[in-house]
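Data block below; observations after.
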Number of protein chains: 2
Amino acid sequence: MKISAQEEYGLRCLVQLANLQPGESLTLPQIAEREGISTANAGKLMWLLNKAGFVHSTRGTKGGYFLARPASEVRLNEVIKVLDQDVLNKHCESYTGVLDSCVHNGDCGIRPVIVGLHEIVENALSQITLAQLVGTESSVDAMFHQIKGIHRTLEAQRI
Amino acid sequence: MKISAQEEYGLRCLVQLANLQPGESLTLPQIAEREGISTANAGKLMWLLNKAGFVHSTRGTKGGYFLARPASEVRLNEVIKVLDQDVLNKHCESYTGVLDSCVHNGDCGIRPVIVGLHEIVENALSQITLAQLVGTESSVDAMFHQIKGIHRTLEAQRI
DNA sequence: GCAAAACATTATTTTTTTGTCAAGATTGGT
DNA sequence: ACCAATCTTGACAAAAAAATAATGTTTTGC
Ligand code: FES
Ligand code: FES
């Protein structure tokens, strides 16, 4: 269970744009330099995000990228879904094994785990907006702990 | 954010062993056939799980694999951690980009998200044991929804 | 003791993911 | 009109992950 490079860098690029003042924009070389990735790579990421409608772009001199929506209205689960090539949902069909579908079709004890995990992650991500990621690390961390705090309570009860 | 093939299949193999009666065991070909993967692949997975101490094995004719601990004492977060090559924790050092470490070292808004997500997943997994996965799909699903239910409550409050 | 059945371990191949390159298209300034 | 800065897009190459193959070791049963 890990976050893919595309998910992470795509999100990072969006955060860079979220840091801008209204009216400002960033070019590909600027984004690439600020995140320490190549311009070509940033280009592909931004192309994805543009296609998905998260950013707008202007061509030509003085062009660049800027957020299409206010950062406070962009939830992280939407972003991740786009960057992850939508392979998350339909798990049982795209089975890597020899068989076409999962051998446990009909009554499967694994499916709830896979699906449930994705739901938990999605739910956590849906509670975070881009705007919440522009602050200092400690403020972001504190925000995140509100979500995790609920879990700790549950765990404490269980023991 | 997705579960890797190794995580999924390793977990599946363990569930197969958890289904056994005490004293029984499964051979590699049996495990492979039940999960629809190749014998060689199952062999590698079981080797990992054996090395990590989750299963014991006996060689020779009438050999096979069986759980080293009761299924009710094996938590999923331990299993996943072993199958995922421990790359989960130290994220900021193993940065794929051009730089040695994350460009935001010192004050990073992304780090809490990465770390926090892993903690949330780990926490959820730590609440599930192998024994809970041997039932019918609906029973496993119901168990999982107890965990997710907490999230729903939180979400409802937020709105 | 020998052969068959089974696990153990390392190496190789295949597939998927990630990152790069290059040619094209659009805009703004001069 | 021209040029330079910029995004766009598809093809390509490198890296990582996954799966397979190959070889070796141990045990059982005869
Ligand atoms: S039926 Fe899809 S994971 Fe089992
Ligand atoms: S410092 Fe590690 S993700 Fe930013």
Side-chain angles (χ1 to χ4, degrees), chain A residues 1-13 17 24-33 35-68 83-88 94-99, chain B residues 1-13 17 24-33 35-68 83-88 94-99:
Chain A
M1 204 75 188
K2 76 166 69 156
I3 201 167
S4 76
Q6 224 175 144
E7 288 170 302
E8 176 174 348
Y9 290 133
L11 183 56
R12 284 165 184 272
C13 293
L17 295 186
E24 289 181 327
S25 67
L26 285 180
T27 69
L28 275 184
Q30 285 175 322
I31 295 175
E33 198 236 341
E35 282 305 335
I37 60 180
S38 72
T39 303
N41 202 359
K44 185 155 76 171
L45 264 343
M46 295 312 292
W47 174 69
L48 268 175
L49 292 170
N50 188 14
K51 209 175 53 167
F54 288 111
V55 302
H56 284 157
S57 64
T58 54
R59 294 217 242 196
T61 316
K62 301 295 177 190
Y65 292 94
F66 55 94
L67 287 184
L83 293 169
D84 211 8
Q85 300 140 184
D86 296 322
V87 205
L88 299 192
S94 62
Y95 198 75
T96 329
V98 180
L99 303 170
Chain B
M1 204 75 188
K2 75 167 70 158
I3 201 167
S4 76
Q6 222 175 142
E7 288 171 302
E8 175 174 346
Y9 290 134
L11 183 57
R12 283 166 184 272
C13 293
L17 295 185
E24 287 182 328
S25 68
L26 285 180
T27 70
L28 276 182
Q30 285 175 321
I31 295 175
E33 198 236 340
E35 282 304 336
I37 61 180
S38 74
T39 302
N41 203 359
K44 185 158 74 172
L45 263 344
M46 295 312 292
W47 176 66
L48 269 175
L49 292 170
N50 188 13
K51 210 173 50 166
F54 288 111
V55 303
H56 283 157
S57 65
T58 53
R59 295 219 240 195
T61 317
K62 301 294 176 190
Y65 292 93
F66 55 95
L67 288 184
L83 291 169
D84 212 9
Q85 302 141 182
D86 298 320
V87 204
L88 301 192
S94 62
Y95 198 74
T96 329
V98 179
L99 303 171

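Just so it is clear: chains get the letters A, B, ... in the order the sequence lines come, proteins before strands, and each one is counted from 1. Values reported hereafter were calculated over all heavy atoms of this structure, with side chains retained and with hydrogens, waters and symmetry mates removed.
- Between B:G43 and A:A40, the residue anchored closer to the 5' end of DNA chain C is B:G43, taking for each the nucleotide with the nearest heavy atom.
- Rounded to whole Å, atom P of C:dG19 lies 8 Å from atom CD1 of A:I37.
- Rounded to an integer number of Å, the gap from A:K2 NZ to D:dA16 P is 11 Å.
- Distance from the side chain of B:T61 is smallest for C:dA5 among the nucleotides D:dT8, C:dG28, C:dA5.
- Side chain B:K44 to base D:dA19: a donor-acceptor pair is found below 3.5 Å.
- The A:Q6 side chain lies nearest to C:dT18 when the options are C:dA8, C:dT18, C:dG19.
- To the nearest angstrom, C1' of D:dC7 lies 13 Å from CZ of A:F66.
- Side chain of B:W47, nearest nucleotide from D:dT27, D:dA17, C:dT9: C:dT9.
- Among C:dC7, D:dG29, D:dT20, the nucleotide with an atom closest to any side-chain atom of B:S38 is D:dT20.
- The side chain of B:R59 lies closest to C:dC7, out of D:dA17, C:dC7, C:dT20.
- Of the candidates C:dT17, D:dC7, C:dG19, the closest approach to any side-chain atom of A:L28 belongs to D:dC7.
- We find that CG of A:N41 is positioned 19 Å from P of D:dC12, with the value rounded to whole Å.
- Closest to the side chain of B:Y65, out of C:dA8, D:dC7, D:dA19, is C:dA8.
- In this structure, A:I37 and A:I31 have side chains that are not in contact, with every pair of non-hydrogen atoms separated by 4.5 Å or more.
- Backbone-only contact: B:G64 has heavy atoms under 4.0 Å from sugar-phosphate atoms and none from a base.
- Of the listed nucleotides (D:dC7, C:dA6, D:dT28), D:dT28 has the atom at the smallest distance from the side chain of B:K62.
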